[in-house]
Amino acid sequence: VLTSLYCYAQKKTYFQTLIKPNGNIAQQSSSILQLADRSFLVGGGYDFMGKHPKILIFKTDSIGRVLWTRLYGGNTDKDLTRYVQNLSAEIALNMIIAPDSNIVICTSTSSYLYDTSSFYLMKINKNGQVIWARAIGRKEINIGYSVVNAPGGGFLLAGSSQSHLSSYRDLTLIKTNDTGGVIWAKSYSGSGDNQAFCISGTRDGGYVVGGYASVSVYSEDHVILKVD
């Protein structure tokens, strides 16, 4: 069921679009982009009865009317109660427009192995067709939260990694080439949890990363990390 509400005032257009699925389906939106034609691309997650999580992407026109909806990932049927360590699995957490005007999506997926999750980087065109998709790291619990275009080509992905032998997560950065192939990966650890939630390019060609570090269950600190 699709509902759109419109309000016109002072030469500004406001709208609200609600997509209500039938049955035991959970949906959420976690990222949005406006494209050159003023349309919007919305990314999030789709889950049927807690067992079939998928990446959900839909496109609307400039006033919120849905043009298309697509689901990605979810190679296996899973009971999400077995994957509580990665609640962000198969949700489009961040989207950017690549230099070639296609869209790169950053997330994670647990479609490949039980009790693990991979960083997941995917490029689609303006019609939602997959150009390439890469799962990075399949032996740990990995979450990709943010991605930026890298100067000179490729992408830089920010998130966290957690070994099954550790109770804590490490802040993780991954540099890829134009097609998602890994060039390097680095992790930054401390005495507790460390995660990166956002990343941005700087004027000197480096990057600044935002996240948090915890030294105990009662204390969490903001983290700003500058890297070249």
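Values reported hereafter were calculated over all heavy atoms of this structure, with side chains retained and with hydrogens, waters and symmetry mates removed. For this chain, numbers begin at 1 and follow the sequence in order. Keep in mind the model is a prediction, meaning the values are calculated, not measured.
For the residue pair Tyr120 and Ala133, the shortest heavy atom distance occurs at OH-CB, 3.4 Å. Across Arg70 and Gly128, no two heavy atoms sit closer than the pair CD-O, 3.2 Å. Residues Gly43 and Met95 come closest through the heavy atom pair N-CE, 3.5 Å. The nearest pair of heavy atoms linking Phe119 to Ile143 is CE2-O, 3.1 Å. Across every non-hydrogen atom of Ala98 and Val104, the tightest pair is CB-CG2, 4.1 Å. Contact record, Gly181 with Arg134: N-NE, 4.4 Å, taken as the closest heavy-atom pair.
By the criterion of side-chain heavy atoms lying less than 4.5 angstrom apart, applied directly or through intervening Ile, Leu, Val, Met, Phe, Trp or Tyr residues, Leu156 is not grouped with Leu121; the two fall into different hydrophobic clusters. Hydrophobic clustering, with ILVMFWY side chains joined whenever heavy atoms are under 4.5 angstrom apart, keeps Ile183 apart from Val147. In the hydrophobic clustering of ILVMFWY residues, with side-chain heavy atoms under 4.5 Å counting as a link, Val148 and Ile105 come out apart.
Ring geometry for Phe197 versus Tyr145: interplanar angle over 60°, hence perpendicular rather than tilted (30 to 60°).
Note: Lys186 NZ to Ile174 CD1 = 13.0 Å, rounded to the nearest 0.5 Å. Taken to the nearest 0.5 Å, the CG atom of Leu67 stands 9.0 Å off from the OG1 atom of Thr69. Rounded to the nearest 0.5 Å, atoms CG (Leu173) and OH (Tyr207) are 10.0 Å apart. Rounded to the nearest 0.5 Å, atoms CZ (Phe40) and CD (Gln34) are 4.0 Å apart.
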(message) With side-chain contact (heavy atoms from CB on, under 4.5 Å) as the criterion, how do Val209 and Ile224 come out once you've worked through the C-alpha distance, each side chain's angles and the decisive distance to 0.1 Å?
(response) CA-CA 6 Å; Val209 182; Ile224 299 177; over 6 Å; no
(request) Decide side-chain contact (heavy atoms from CB on, under 4.5 Å) for Leu33 and Ile97; before the verdict, give the C-alpha distance in whole Å, the side-chain angles of both, and the deciding distance to 0.1 Å. (result) CA-CA 8 Å; Leu33 281 177; Ile97 299 175; 3.9 Å; yes
(request) Under the side-chain contact (heavy atoms from CB on, under 4.5 Å) rule, what do Asn177 and Val182 come out as? Steps first, then yes or no, please. (result) CA-CA 7 Å; Asn177 59 23; Val182 175; over 6 Å; no
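Checking Ser39 against Asp61 by side-chain atom types alone, no donor-acceptor pair falls below 3.5 Å. In the model, Thr172 has no side-chain atom that pairs as donor or acceptor with a side-chain atom of Asp170 under 3.5 Å.
Leu56 is not listed as a side-chain neighbour of Tyr72, based on a closest heavy-atom distance of 4.5 Å or more. Counting only heavy atoms from C-beta outward, the side chains of Ile136 and Asn142 never approach each other to under 4.5 Å. Val208 places none of its side-chain heavy atoms less than 4.5 Å from the side chain of Leu225. Proximity of Lys59 to Leu35: side-chain heavy atoms (C-beta onward) are separated by under 4.5 Å at one or more points. For the pair Ser160/Leu171, no side-chain contact is recorded, criterion being any heavy-atom separation below 4.5 Å from C-beta on. Residues Phe155 and Ile96 form a side-chain contact, since some pair of their non-hydrogen atoms from C-beta on lies under 4.5 Å apart. Counting heavy atoms from C-beta on, the side chains of Ile57 and Val42 never come closer than 4.5 Å.
Atom NZ of Lys175 has more than 12 heavy atoms from other residues, nucleotides or ligands within 6.0 Å.
A donor-acceptor pair is defined here as one N or O able to donate and one able to accept, closer than 3.5 Å; no such pair exists between the side chain of Asn127 and the backbone of Gln129. Remark: side-chain polar atoms of Tyr212 are not paired, donor with acceptor, to backbone N or O of Asp193 under 3.5 angstrom.
Looking at Thr107, Ile103, Val130 one by one, the single match for side chain to side chain contact (heavy atoms under 4.5 Å, CB included) with Met122 turns out to be Val130.
Here Asp100 pairs with Lys123 under the salt bridge (Lys or Arg N to Asp or Glu O under 4.0 Å) rule; sequence neighbours left out.
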